[in-house]
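Quick notes on the structure that follows.
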Amino acid sequence: HLAFPEVFDAAGKGGFDVVLGNPPWERVKLQEKEFFEAKDEAIAGALNASVRKKMIAELQKNNPELWEEYHQALHTAEALSKFFHLSGCFPLGGRGDVNLYQVFAEKDRSLMATTGRVGIIVPTGIATDDSNKYLFADLVEKNQIASLFDFENRKGIFQDVHRSYKFCLLTLRGNQGNVKTSGKFAFFLYTTDDLQIDEKLFELNKNDFALLNPNTLTCPIFRTRNDFYLTKKLYQQAQILINDNCDKNQWGISFKAGYFNMATDSQYFKTKGQLEELGYKLNGSIYIKDTNIYLPLYEAKMFWLFDHRFGTYKGVDNRKDTHLPPLDSRYMKSYIESWYWVDKNDWIRRSATWNHNWLIAYRRISNVTNERTFVATFIPFYPVGDNVFLIFPHNANTQDSCFLLANLASFVLDFITRQKMGGLNLNFFIVKQLPIINCLRKKELVNFYVPKILELVYTSLDLFDFFEELWKDCELETRESIISQSRQNVLITSLKMNNISNGFDDNIITDNKTKIPPFIWDEERRFQLRCDLDALFGHLYNL
């Protein structure tokens, strides 16, 4: 009110008719790697965070000037963060790991007159990220979003910004109280000319946000208007996995980002070379010496849909390789090789709260442009790094969990997931708000999906414990379906190999113990099984 007395009165009331801005897109928290990139390449390129911290500590003796500069930058970042969190000036945007664009957006909004407009260029994360849910939900609730047009920087609109980065033109309207007009939205635009393509534009209102993202009221991302209509229909067929508003969690789901942090837990890890120097011998995928056991540490690039043996470190010289080679063979005794192994005792201590011999894992890093976005499977009960996200259905047995995995890995749900991801992280808040079918124990469905899921995932002996648990959960009729499926698997594969004998031994089933071997890997047959499951969920979602 001192600088602009014609706009604001002494009580702070009033506002500008138009606020335009391109605020900075930068995290407040000091990013050590970025800070040292132009100052000390060795520290910036450290193997992991643990090593980097040790190198920084040595600066006090080796380079006191850089040590002082680092601590001054650290102090500035911490002080600024405390101001945003504690001053009360930014109750909605000043939360968590603050990015400057969040607090600028909240400030711009507060400077706007009730009949005014704000137009700003900010990362699309303002509408899709969990860290912005309070600010964005308030904009939705007060119906202040006039339009949000999302662009991917593929054509270099901003030359100094990565070509995959997404930003938006966000227009806000003043809070007049009675505005009921829907906001206009468009996503995956490359130039402003794309705004002339009618099919890319659609409208969302408060009820749409409450249906599609009821927990966070964040914004789904639709390429076309038809994608919006289809997603809306799918959400009307099922309930979301966890509804925070009414504390509804039918499956008793909890989530975890692995069990071991790949940067800060490195003291628990041993490499192949280190274990073999200590006299350990490799048995399958496990290292053994006397009674001491080291288990393989699972990483996201080691598995794929219905496949816990997707990639192996065998023959790989660099752990940072993005893509791992597949196994040389898919026989039941073929095991993947990890880069690190963890002492079994350390693993048992960390995983004591889970009472099954398997895990449901999915890839944290993903993309809507990948072949599949939601990549999930069962993996053996082995240590897991934090680039693997885990889902624990505490209210479900192993048979029920097969249905949950089939739903999560279905083509329909993958389509929905693609409408919900604004970045490269498939975070828990996204998964919690996915619509999941609830008819898992209908007998005719159980006999259909359980044998198919089992054949897809039980392909090697390291998942035998999973098979045993599932077998105990199944009724006689389902067990008979599993046996029939096993015979089919062996017979079809044998015929393809011109071997008339099906090789199935009827004596492998006993009353007390089952010894059904892992299913034979047959790419063509696996594709058909996945199609059958996708067709099932197409029907269940009423397509």
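For the pair Lys256 and Tyr259, the cation sits on the ring face: its NZ or CZ lies under 6.0 Å from the ring centre, inside 45° of the axis. Judged by the 6.0 Å distance and 45° axis criteria, Arg530 is not positioned over the aromatic ring of Phe306. A cation-pi arrangement, defined by a distance under 6.0 Å to the six-membered ring centre and an angle within 45 degrees of its axis, is absent between Arg309 and Tyr335. Figure legend: cation-pi geometry between Lys289 and Tyr287 absent, as NZ or CZ is not positioned both under 6.0 Å from the six-membered ring centre and within 45° of its axis. Cation-pi geometry between Lys420 and Phe429 is not satisfied (NZ or CZ under 6.0 Å from the ring centre, within 45° of the ring normal). With a 6.0 Å cutoff to the six-membered ring centre and a 45° limit on the axis angle, Arg350 counts as a cation-pi contact of Tyr268.
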### Task
Determine, stepwise, if the pair Lys142 / Asp138 fulfils salt bridge (Lys or Arg N to Asp or Glu O under 4.0 Å).
CA-CA 6 Å; Lys142 293 182 170 62; Asp138 199 59; 2.9 Å; yes
### Derivation and outcome, side chain to side chain contact (heavy atoms under 4.5 Å, CB included), residues Leu211 and Lys232
CA-CA 8 Å; Leu211 172 68; Lys232 188 173 180 178; 3.7 Å; yes
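Taking the six-membered ring where tryptophan is involved, the planes of Trp358 and Phe378 are perpendicular, since the angle between them exceeds 60° and thus also 30°.
With no hydrogens or angles considered, a side-chain donor-acceptor pair links Asp462 and Ser460 at under 3.5 Å.
If you look at Phe228 and Phe202, their ring centroids are closer than 6.0 Å. Taking the six-membered ring for Trp, Phe269 and Trp341 have ring centres at least 6.0 Å apart.
Classification of Arg349 and Asp343 as a salt-bridged pair fails, no side-chain N sitting under 4.0 Å from a carboxylate O. Ion pairing between a basic and an acidic side chain is recognised when a charged N comes within 4.0 Å of a carboxylate O; Arg526 and Asp522 show no such pairing.
Enclosure of atom CG in Asn283 is not indicated, since only 12 or fewer non-hydrogen atoms of other residues, nucleotides or ligands lie within 6.0 angstrom.
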